[in-house]
Amino acid sequence: MENMINGRTKVLAVIGDPIEHSLSPEIQNTICKKLNVNYAYIPFRIASEDLKDAVCGFKACNLSGFNITIPHKSNIMQYLDEVSQEALLMGAVNTVKNVDGRLYGYNTDGVGFIKSLQHEGVNVKNKNIVIIGAGGAVRGIAVKMALEGAVQITILNRTVAKAENISEHINRNISNISQALPLNDNHFAETCADCDILINSTPIGMYPHTEASPVQSLDFFNKNDTVVCDLIYNPSKTKFLLKAEKAGCKIINGWGMLIYQAIEAFEIWTGMKIDENMVEHLYGAGKQ
Ligand code: NAP
């Protein structure tokens with residue numbers, strides 16, 4: 001009867017549309033099972049027009065908490081009782097905790113990314129950072145890196161207006177350290193010349209399009225002191241990361257971010273602390 005759902009089981013969930021691809025149920029249920037805590041974590045595909053009803057239903061059913069993924073991370077905020085300062089700055093909530101019927105919103109994506117870097121011995125304080133892409137994930141990680149003391153954040157994007165929007169938000173609300181530029185192969189090496197941490201946050205190179213890369217001319221990787229990250233974790237080494245690794249750069253994929261955002265959410269819901277053994281167990285599950 002160990003680890004069985006019973007009358008005392010507390011329910012957690014993840015909502016998104018689509019949701020079938022989400023690894024969160026496996027990660028969270030693995031944590032619950034390993035720690036022998038009586039929670040069950042369930043995926044729900046919720047269309048945008050049903051979001052309000054879903055939140056009301058979760059409250060009525062007294063769910064302990066839930067994660068939110070694409071496309072609801074911003075829209076969810078209007079249905080919550082309180083949202084953390086950091087999530088407000090990021091404009092997105094990915095974790096909700098139910099405390100006596102009041103819903104509290106948090107964002108664990110940014111801290112998840114920072115912790116995945118720290119896991120590899122990398123700190124963002126005083127670092128010059130270049131990010132390729134300006135989608136939903138970037139707002140969270142860029143805001144968090146600015147809060148953690150990065151000295152410069154350059155955002156390169158195909159649609160430069162989106163990069164400008166995030167840069168201006170950081171400059172106005174955190175500190176004046178960000179600039180936006182068009183994603184352009186010709187200027188890429190120049191832009192990265194003094195970069196300490198380079199991050200691909202576009203889906204380019206993700207399975208099954210593993211031959212693709214966000215920039216064609218990766219020859220600038222003749223400087224090997226840049227830490228090169230990709231938010232993608234499938235494949236575990238994108239073409240972008242392989243090229244950087246070959247040039248001698250330290251590389252970090254997106255698996256750690258996925259794990260740490262989940263750990264942070266679990267700790268918010270339960271008040272428990274995940275130990276290093278569990279972290280290593282979860283990291284091991286992502287080795288491909
Ligand atoms: P998103 O909001 O859809 O943004 C995608 C970004 O990629 C946009 O800036 C887009 O540029 C750019 N892009 C897409 N296709 C492009 C192309 N062919 N050429 C140039 N630029 C292109 O996505 P997101 O939510 O930010 O997620 C981005 C990536 O991060 C995905 O691979 C996702 O799986 C990954 N991610 C990983 C984690 C993790 O835990 N590891 C968490 C979140 C996200 P435009 O603005 O010009 O369209």
Side-chain angles (χ1 to χ4, degrees), residues 14 16-28 67-75 87 90-95 107-117 119-120 130-145 153-167 169 180-188 198-217 228-241 251-266 279 282-283 285-286 288:
V14 56
D17 188 11
I19 199 64
E20 294 76 9
H21 66 285
S22 174
L23 295 179
S24 293
E26 278 157 90
I27 295 171
Q28 294 292 356
N67 281 134
I68 302 96
T69 188
I70 292 168
H72 305 314
K73 287 187 184 186
S74 296
N75 287 342
M90 293 170 180
V93 161
N94 78 328
T95 301
N107 188 309
T108 68
D109 285 330
V111 65
F113 180 67
I114 296 289
K115 289 207 168 179
S116 76
L117 296 188
H119 189 94
E120 301 292 336
V130 175
I131 305 174
I132 305 170
V138 171
R139 205 175 176 93
I141 65 169
V143 161
K144 188 65 181 169
M145 290 190 293
I153 299 178
T154 302
I155 304 174
L156 310 174
N157 199 40
R158 178 176 61 179
T159 313
V160 72
K162 283 204 221 165
E164 282 166 356
N165 184 287
I166 299 174
S167 282
H169 176 73
L181 294 170
L183 177 57
N184 182 333
D185 257 272
N186 299 331
H187 303 299
F188 189 62
L198 171 64
I199 303 159
N200 172 41
S201 78
T202 74
I204 306 169
M206 188 157 67
Y207 179 83
H209 306 291
T210 52
E211 278 310 306
S213 170
V215 277
Q216 297 315 311
S217 57
V228 180
C229 310
D230 202 320
L231 299 196
I232 294 170
Y233 48 81
N234 184 14
S236 60
K237 289 182 189 173
T238 54
K239 187 177 179 188
F240 183 67
L241 287 187
I251 60 167
I252 301 174
N253 71 16
W255 182 253
M257 176 179 174
L258 182 73
I259 293 303
Y260 274 110
Q261 64 77 27
I263 288 173
E264 291 288 317
F266 182 87
V279 174
L282 295 170
Y283 255 81
Q288 292 161 29

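Just so you know, these numbers use all the heavy atoms, side chains as well, and skip hydrogens, waters and symmetry mates. Counting convention: from 1, in listed order, for ligands and their atoms alike. Just so it is clear, the model here is predicted, and its values are computed rather than measured.
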- Message: Polar contacts were defined as any N/O atom of the residue lying under 3.5 Å from an N/O atom of the ligand; does this apply to Gly254 and ligand 1?
- Response: yes
- Query: Is ligand 1 under 4.0 Å from a heavy atom in the side chain of Asp109, in the backbone, in both, or in neither?
  - Reply: neither
- Task: Return the residue, atom name and 0.1 Å-rounded distance of the protein heavy atom closest to atom 18 (N) of ligand 1.
- Result: Arg158 NH1, 3.5 Å
- Task: First locate atom CG of Asn157, then atom OG of Ser167, and finally report the distance between them rounded to the nearest 0.5 Å.
- Result: 10.0 Å
- Query: Which pair of heavy atoms, one from Ile166 and one from Ala142, lies closest together, and at what distance?
  - Reply: CG2-CB, 4.3 Å
- Note on the structure: Check: of Ser201, Ser116, Ala161, min heavy-atom distance to atom 28 (C) of ligand 1 comes from Ser201
- Query: Within 4.0 Å of atom 33 (C) of ligand 1 (strictly less), any protein heavy atom?
  - Reply: no
- Using non-hydrogen atoms of the residue, decide whether Lys162 is closer than 4.0 angstrom to ligand 1. yes
- Task: Any atoms of ligand 1 less than 4.0 Å from a non-hydrogen atom of Ile70? List them with their elements.
- Result: 25 (O)
- Query: Are any of the N or O atoms of Ile204 closer than 3.5 Å to those of ligand 1?
  - Reply: no
- Would you say Trp255 has any N or O atom under 3.5 Å from an N or O of ligand 1, going by distance alone? no
- Do me a favour and list the nearest non-hydrogen protein atom to atom 30 (O) of ligand 1 with residue, atom name and distance? Leu231 CB, 3.6 Å
- Item | Phe240 and Ile132, any side-chain heavy atoms less than 4.5 Å apart | yes
- For the residue pair Ala180 and Ala163, what are the closest heavy atoms and their distance? CB-C, 3.5 Å
- Query: Does a side-chain heavy-atom distance below 4.5 Å link Ile263 with Leu282?
  - Reply: yes
- Item | Polar atom proximity, Thr159 to ligand 1 (N or O, under 3.5 Å) | yes
- Note on the structure: The protein heavy atom nearest to atom 43 (C) of ligand 1 is Ala137 CB, 3.9 Å
- Item | Nearest neighbour in protein (non-hydrogen) for atom 23 (O) of ligand 1 | Gly136 N, 4.5 Å
- Thr202 side, atom OG1; Ile131 side, atom CD1 - distance, nearest 0.5 Å: 12.0 Å
- Item | Proximal atoms of ligand 1 relative to Ala134 (non-hydrogen, under 4.0 Å) | 9 (O)
- Output the list of atoms in ligand 1 that are nearer than 4.0 Å to some heavy atom of Leu258, sorted by atom number. 40 (O)
- Message: Please tell me whether Asn67 and Thr95 have a donor and an acceptor in their side chains that are separated by less than 3.5 angstrom.
- Response: yes
- Task: Give the intermediate values and the outcome of side chain to side chain contact (heavy atoms under 4.5 Å, CB included) for residues Ile199 and Val130.
- Result: CA-CA 6 Å; Ile199 303 159; Val130 175; over 6 Å; no
- Task: Taking all heavy atoms of Asp17 and all of Pro71, pick out the closest pair and write down the distance.
- Result: O-CD, 3.5 Å
- Note on the structure: The reported gap from CG in Asn94 to CD in Gln261 (rounded to nearest 0.5 angstrom) is 5.5 Å
- Message: I need the nearest protein heavy-atom contact for atom 42 (C) of ligand 1: residue, atom name and distance, please.
- Response: Met257 CE, 3.7 Å
- Does the side chain of Lys144 come within less than 4.5 Å of Ile141's, by heavy atoms? no
- Residue selection (non-hydrogen contact nearest atom 7 (O) of ligand 1) among Gly133, Gly135, Gly256, Pro203: Pro203
- Message: Please evaluate residues Tyr260 and Val111 with respect to the criterion side chain to side chain contact (heavy atoms under 4.5 Å, CB included), reporting the C-alpha separation (whole Å), side-chain torsions for both, the decisive distance (0.1 Å), and the verdict.
- Response: CA-CA 8 Å; Tyr260 274 110; Val111 65; over 6 Å; no
- Protein heavy atom under 4.0 angstrom of atom 3 (O) of ligand 1, is there one? no
- Task: Select the closest option to atom 8 (C) of ligand 1 among Thr69, Thr202, Asn157, judged by heavy-atom distance.
- Result: Asn157
- Task: Could you list the atoms of ligand 1 found under 4.0 angstrom from a heavy atom of Ile232?
- Result: 32 (O)
- Which of the atoms in ligand 1, numbered in the order shown and given with their element, are less than 4.0 Å from a heavy-atom of Tyr233? 41 (N)
- salt bridge (charged side-chain N to carboxylate O under 4.0 Å, His left out) assessment of Lys73 paired with Asp109: CA-CA 11 Å; Lys73 287 187 184 186; Asp109 285 330; 2.7 Å; yes
